[in-house]
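To keep things clear, I will list the structure first and then write my remarks on it.
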Amino acid sequence: MTNNKVYFVGSGPGNEKYITVAGRELLEEADLVIYAGSLVNPKVLDYSKGEKIDSYGLTLDETNKLILDSLRADKKVVRLHSGDPSLYGSIVEQMEELKNAGVEIEIIPGVSSVFATAAALQTQLTLNNVSETLIITRPAGQTLEKDKIKELSRHNATMAVFLGTQKIEEIMEKVEYPPETPVAVVFHASWPDQKIIKGTVADIAGKVKEAGVKRSAMILIGGVVDPVNYGRSYLYGVAQEPLS
């Protein structure tokens with residue numbers, strides 16, 4: 001194998017400008033980009049003049065064969081994931097077989113949709129006197145037999161729920177936040193068709209159904225969605241000693 005390195009790149013949350021400089025440069029240099037279907041904005045793919053293959057519908061073995069065959073042909077390969085590859089990216093199972101074949105891996109992190117959601121809402125995920133903790137989770141589904149959303153909600157922290165829009169009614173019935181707790185659902189955060197739906201634990205499911213949003217949205221639960229009675233940051237609250 002003349003070329004034995006593959007790059008796992010986070011494409012960011014959608015906006016083509018939110019990819020890192022390193023990620024964009026690798027796309028520009030790539031001979032082959034294997035990307036994560038409709039989760040990646042086509043405008044991000046425009047950075048590459050190489051061959052582009054949608055991995056939707058491909059098995060793990062088929063995807064890895066494409067990578068290995070391309071490396072053996074001395075091609076530069078980018079495996080392009082949405083958001084950041086470390087969050088629900090299934091990269092460990094992909095890398096295991098490649099490493100066993102002697103392939104070197106480099107991961108380029110990306111901007112997660114959870115951060116694009118906070119930006120769209122113009123808020124913080126952690127906020128003094130509101131929440132010092134962020135919980136990232138997802139509901140049970142094909143790849144998760146049982147979730148812990150009910151138990152996690154008892155911490156009354158900020159909760160970001162990935163892959164849960166189709167189950168939002170079930171999620172809101174499960175969580176133990178007070179019914180008046182603010183909730184936001186942000187569809188396609190940072191994309192041109194971004195949509196923000198705000199409500200509470202008690203009524204957000206109906207609002208999301210009425211808006212027709214069924215997928216590709218982040219659910220954010222907690223006081224940071226509509227911040228009131230928060231504490232001033234110590235950093236800006238008093239004069240700081242000069243750094244030595």
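Only heavy atoms go into these numbers, but all of them, side chains included; no hydrogens, no water, no symmetry mates.
Put simply, the side chain of R79 gets close to the backbone of I34: a donor and an acceptor are under 3.5 Å apart. Judged purely by atom type and a 3.5 angstrom limit, T181 has no side-chain atom pairing as donor or acceptor with the backbone of Y177. A donor-acceptor pair under 3.5 Å links the side-chain atoms of K52 to the main chain of G50, judged by distance alone. With hydrogens and angles disregarded, a donor-acceptor distance shorter than 3.5 Å links the side chain of S153 to the backbone of E176. Y230 places no side-chain N or O within donor-acceptor distance of the main-chain N or O of V224, the cut-off being under 3.5 Å. Of the possible polar contacts, one joining the D84 side chain to the G110 backbone as a donor-acceptor pair under 3.5 Å is found. Between the side chain of S131 and the backbone N or O of T158 there is at least one donor-acceptor pair closer than 3.5 Å. Judged by distance alone, with hydrogens and angles left aside, the side-chain atoms of E62 form no donor-acceptor pair with the main-chain N or O of L58 at under 3.5 Å. Checked by atom type and distance alone, the side chain of S70 pairs as donor or acceptor with a backbone atom of L66 at under 3.5 Å. A side-chain donor-acceptor contact under 3.5 Å links D54 to the backbone of G37.
Proximity of H155 to T133: side-chain heavy atoms (C-beta onward) are nowhere separated by under 4.5 Å. Residues P182 and T200 fail the side-chain proximity criterion, which asks for heavy atoms closer than 4.5 Å. Contact check for L27 versus I19: side-chain heavy atoms found under the 4.5 Å cut-off. Side-chain contact between Q194 and F187 is absent, with no heavy atoms from C-beta onward closer than 4.5 Å. Residues Q124 and L127 form a side-chain contact, since some pair of their non-hydrogen atoms from C-beta on lies under 4.5 Å apart. Residues V33 and E51 fail the side-chain proximity criterion, which asks for heavy atoms closer than 4.5 Å. Between I171 and V175, some side-chain heavy-atom pair lies under the 4.5 Å cut-off. The side-chain heavy atoms of I149 and R138, taken from C-beta on, include no pair separated by under 4.5 Å.
Interatomic distance, I197 CD1 to I219 CD1, rounded to the nearest 0.5 Å: 10.0 Å. Put simply, OH on Y7 and CD on E29 are 7.5 Å apart, with the number rounded to the nearest 0.5 Å. If you take OG on S48 and CG on L80, they are separated by 9.0 Å, rounding to the nearest 0.5 Å. Atom CG of residue L87 and atom CZ of residue F115 lie 7.5 Å apart, to the nearest 0.5 angstrom. Interatomic distance, CD1 of I168 versus NZ of K214, reported as 14.0 Å (0.5 Å rounding). If you take OG on S11 and CG on N41, they are separated by 8.5 Å, rounding to the nearest 0.5 Å.
Within a 6.0 Å radius of CG in N100, other residues, nucleotides and ligands contribute more than 12 heavy atoms. Other residues, nucleotides and ligands contribute at most 12 non-hydrogen atoms within 6.0 Å of the CD atom of E210. Heavy-atom contacts from other residues, nucleotides or ligands closer than 6.0 Å to CD of E169 number 12 or fewer. The number of heavy atoms from other shown groups lying within 6.0 Å of NZ (K174) is above 12. Open room surrounds CD on E96; 12 or fewer heavy atoms of other groups in view lie less than 6.0 Å from it. E145 CD: 12 or fewer foreign heavy atoms inside a 6.0 Å radius.
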Intermediate values then yes/no, side chain to side chain donor-acceptor pair (under 3.5 Å), H81 and Q94: CA-CA 12 Å; H81 281 262; Q94 296 178 66; 3.3 Å; yes
Derivation of the side-chain contact (heavy atoms from CB on, under 4.5 Å) call for L121 and K198: CA-CA 10 Å; L121 295 171; K198 281 188 174 183; 3.8 Å; yes
Dump the intermediate steps for side-chain contact (heavy atoms from CB on, under 4.5 Å) on S112 and F162, then the final yes or no. CA-CA 11 Å; S112 170; F162 281 70; 3.7 Å; yes
May I have the step-by-step check of side chain to side chain donor-acceptor pair (under 3.5 Å) for D61 and T59, ending in yes or no? CA-CA 5 Å; D61 287 343; T59 65; 5.3 Å; no
Walk me through whether E180 and V201 qualify under side-chain contact (heavy atoms from CB on, under 4.5 Å). CA-CA 6 Å; E180 67 275 12; V201 167; over 6 Å; no
side-chain contact (heavy atoms from CB on, under 4.5 Å) between I67 and L71: does it pass, once the steps are laid out? CA-CA 6 Å; I67 293 172; L71 293 177; 3.9 Å; yes
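Between V213 and K195, the shortest heavy-atom distance links the atoms CG2-CD, 4.1 Å. In plain terms, the two heavy atoms of Y18 and P13 that are nearest each other are CD2-CG, 3.6 Å. Closest non-hydrogen pair, S190 versus N15, comes out as OG-N, 3.0 Å. Heavy-atom minimum distance, I108 versus A22: CG2-CB, 4.0 Å.
Salt bridge D69/K75: absent, no basic N to carboxylate O contact under 4.0 Å.
Of the listed residues (D46, L45, V44), just one forms a side-chain contact (heavy atoms from CB on, under 4.5 Å) with E16, and that residue is V44.
When the side chains of ILVMFWY residues are joined at heavy-atom separations under 4.5 Å, either directly or via intervening members, L125 and V185 end up in two distinct hydrophobic clusters. The cluster map of Ile, Leu, Val, Met, Phe, Trp and Tyr, joined by side-chain heavy atoms under 4.5 Å apart, puts I196 and I221 in different clusters. Grouping the Ile, Leu, Val, Met, Phe, Trp and Tyr side chains by contacts below 4.5 angstrom, directly or via other members, places L26 apart from I105. Hydrophobic clustering, with ILVMFWY side chains joined whenever heavy atoms are under 4.5 angstrom apart, keeps I91 apart from Y35. In the hydrophobic clustering of this structure, I204 does not group with V225; members are Ile, Leu, Val, Met, Phe, Trp, Tyr whose side-chain heavy atoms approach within less than 4.5 Å, directly or through other members.
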